[in-house]
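Atoms within each ligand, like the ligands themselves, are counted from 1 in listed order. It should be emphasised that the depicted structure is a prediction, and the values quoted were computed from it without experimental measurement.
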Amino acid sequence: MTTPAYKRVLLKLSGEALMGDDAYGINRATIERMVADVAEISKLGVELAIVIGGGNIFRGVAPGAQGMDRATADYMGMLATVMNSLALADAMRQAGLTARVMSAIGIEQVVEPYVRPKALQYLEEGKIVVFAAGTGNPFFTTDTAAALRGSEIGAQIVLKATKVDGVYTADPKKDPAATRYQSISFDEAIAKHLQVMDATAFALCRDQKLPIKVFSIVKPGALKSVVMGDDEGTLVHV
Ligand SMILES: Nc1ncnc2c1ncn2[C@@H]1O[C@H](COP(=O)(O)OP(=O)(O)O)[C@@H](O)[C@H]1O
Ligand SMILES: O=c1ccn([C@@H]2O[C@H](COP(=O)(O)OP(=O)(O)O)[C@@H](O)[C@H]2O)c(=O)[nH]1
C-alpha cells in the first residue's frame, strides 16, 4: 500500500511557482511547502532529482529582456535558476534533507559542476540532486533541461509540477471552457500545440520513451499521489 510507483524520478519545479502570490522572487512559505512535499516522497525511498526554473527572477523572453541579445538574456535566465537552486537546496538542508546542487555552466566557487556519474552516485546515496542552469545553453528552457537530465539519470518519469493541474485542451488561463486530459500521447500534445511544455522537451521525452506527469504544485499532497501512482494530473505518454 505504501510502495511508491517509481524508484527514481525527475521533478521539474517551475520558477514562477516559487513566487507564490508575490510579484517576483522567492516566497518563503511557498518554498517551505514545496520542500515538505519533497521530504515526504524522499522518505518513501524514491530517488529524486530536481530541475528548477528561473521565471520568477528572469526569463530570456520576458519584457525586461526586450532589446537584449537573446543569448545574453538566456544566460541571465540560467543564472536565475542557480539562485533558485541554492535557495531550494538551503531550504531542504533546513528541513533535514541532504541536497547537492550541480550546475550546467561553470561557476565552481558557487556550486559544483554537473558531472553525470557524480549525480548518479548522489542519487544512489539517497541525496537529492538539484540541477541548476538548465541545459547550459541559450534558446532552451528548463523543461527541456528536465527532459535531458531525466533521460541521463534514467528516471522513470518526469514530474512537472506547475500552476495548472494538468494538460488542458487549451490554455486554461485563457480559455475557461478548456477541459483537462487524464492522459494524452506525445504526438497529440505536439500536434495540438499544447503549450504546457515546449515542443523540444516533449520531443526529447517521446524519443526516450520517458513519460511526463503534469500536476499542480499548489494542490496539497499532489506530489505524493503522483509518486504513489494515483490518478492525479495528466500523464503524457508515448
Ligand atoms: N493546453 C494547456 N494545458 C495546460 N496548461 C497550458 C496549456 N497551454 C498553455 N498552458 C500554460 O502553461 C503553463 C505551464 O505552467 P508552468 O510550466 O508552471 O509555466 P512556466 O514553465 O512557463 O513557468 C501554465 O501557465 C498554463 O497556463
Ligand atoms: O537550458 C536553459 C534553461 C533556461 N534558460 C533560460 O532561463 C530562463 C528561465 O527558465 P524557464 O523559463 O524554463 O523557467 P520556468 O518557466 O520554469 O520558471 C529561460 O527563460 C531562459 O532564458 C536557458 O537559456 N537555457
Original post:
Which ligand 2 atoms does E16 reach within 4.0 Å, using its non-hydrogen atoms?
Top reply: 18 (O)
Original post:
In terms of atom number and element, which parts of ligand 2 are under 4.0 angstrom from non-hydrogen atoms of G55?
Top reply: 14 (O), 15 (P), 18 (O)
**OP:** Could you list the atoms of ligand 2 found under 4.0 angstrom from a heavy atom of T135?
**Re:** 1 (O), 2 (C)
Subject >> K127 and E47 ion-paired at < 4.0 Å >> reply: no
Original post:
A145 near ligand 2, heavy-atom distance under 4.0 Å?
Top reply: no
Original post:
Counting each atom of ligand 2 from 1 as listed, which ones have a heavy atom of G53 under 4.0 Å away?
Top reply: 14 (O), 15 (P), 17 (O), 18 (O)
**OP:** Pull out every atom of ligand 2 sitting under 4.0 Å from any heavy atom of P138, numbered as shown with elements.
**Re:** 24 (O)
Subject >> Per atom 16 (O) of ligand 2, closest listed option by heavy atom (R59, M19, K160) >> reply: R59
Original post:
Hey, is N137 one of the residues with a heavy atom under 4.0 angstrom from ligand 2?
Top reply: yes
Original post:
Taking both backbone and side-chain atoms of V61, is any N or O found less than 3.5 Å from an N or O belonging to ligand 2?
Top reply: no
Original post:
What are the two closest heavy atoms between A161 and L11, and how far apart are they?
Top reply: CB-CD1, 4.2 Å
Original post:
Just by distance, do the side chain of N27 and the backbone of L18 share a donor-acceptor pair under 3.5 Å?
Top reply: no
Subject >> Spacing of E232 atom CD and K224 atom NZ [to the nearest 0.5 Å] >> reply: 13.0 Å
Original post:
Should S14 be listed as contacting ligand 2, given a heavy-atom distance under 4.0 Å as the test?
Top reply: yes
Subject >> V158 vs K213, side chain to side chain contact (heavy atoms under 4.5 Å, CB included): CA-CA, chis, key distance, verdict >> reply: CA-CA 6 Å; V158 169; K213 188 81 157 198; over 6 Å; no
**OP:** Mark the output for F58 as yes if a heavy-atom distance to ligand 2 is under 4.0 Å, and as no if none is.
**Re:** yes
Original post:
What closest approach, in Å, do A133 and T81 show between heavy atoms, and which atom pair accounts for it?
Top reply: N-OG1, 2.8 Å
**OP:** Go through ligand 2 atom by atom and flag the ones less than 4.0 Å from a non-hydrogen atom of G15.
**Re:** 15 (P), 17 (O), 18 (O)
Subject >> Between NZ on residue K12 and CD1 on residue I217, distance to nearest 0.5 Å >> reply: 9.0 Å
Original post:
What distance do H237 atom NE2 and C205 atom SG have between them, rounded to the nearest 0.5 Å?
Top reply: 13.5 Å
**OP:** May I ask you to say whether D165 pairs ionically with K219, meaning some side-chain N is under 4.0 Å from a carboxylate O?
**Re:** no
**OP:** Taking only heavy atoms of K12 into account, list the atoms of ligand 2 that are under 4.0 Å away from them.
**Re:** 17 (O)
Subject >> Heavy-atom nearest neighbour of atom 8 (C) of ligand 2 within options A73, G136, G77, A80 >> reply: G77
Original post:
If only atom types and distance count, is the side chain of R70 paired as donor or acceptor with the main-chain N or O of P138 below 3.5 Å?
Top reply: no
Original post:
Taking the non-hydrogen atoms of M76, is any one of them nearer than 4.0 angstrom to ligand 2?
Top reply: no
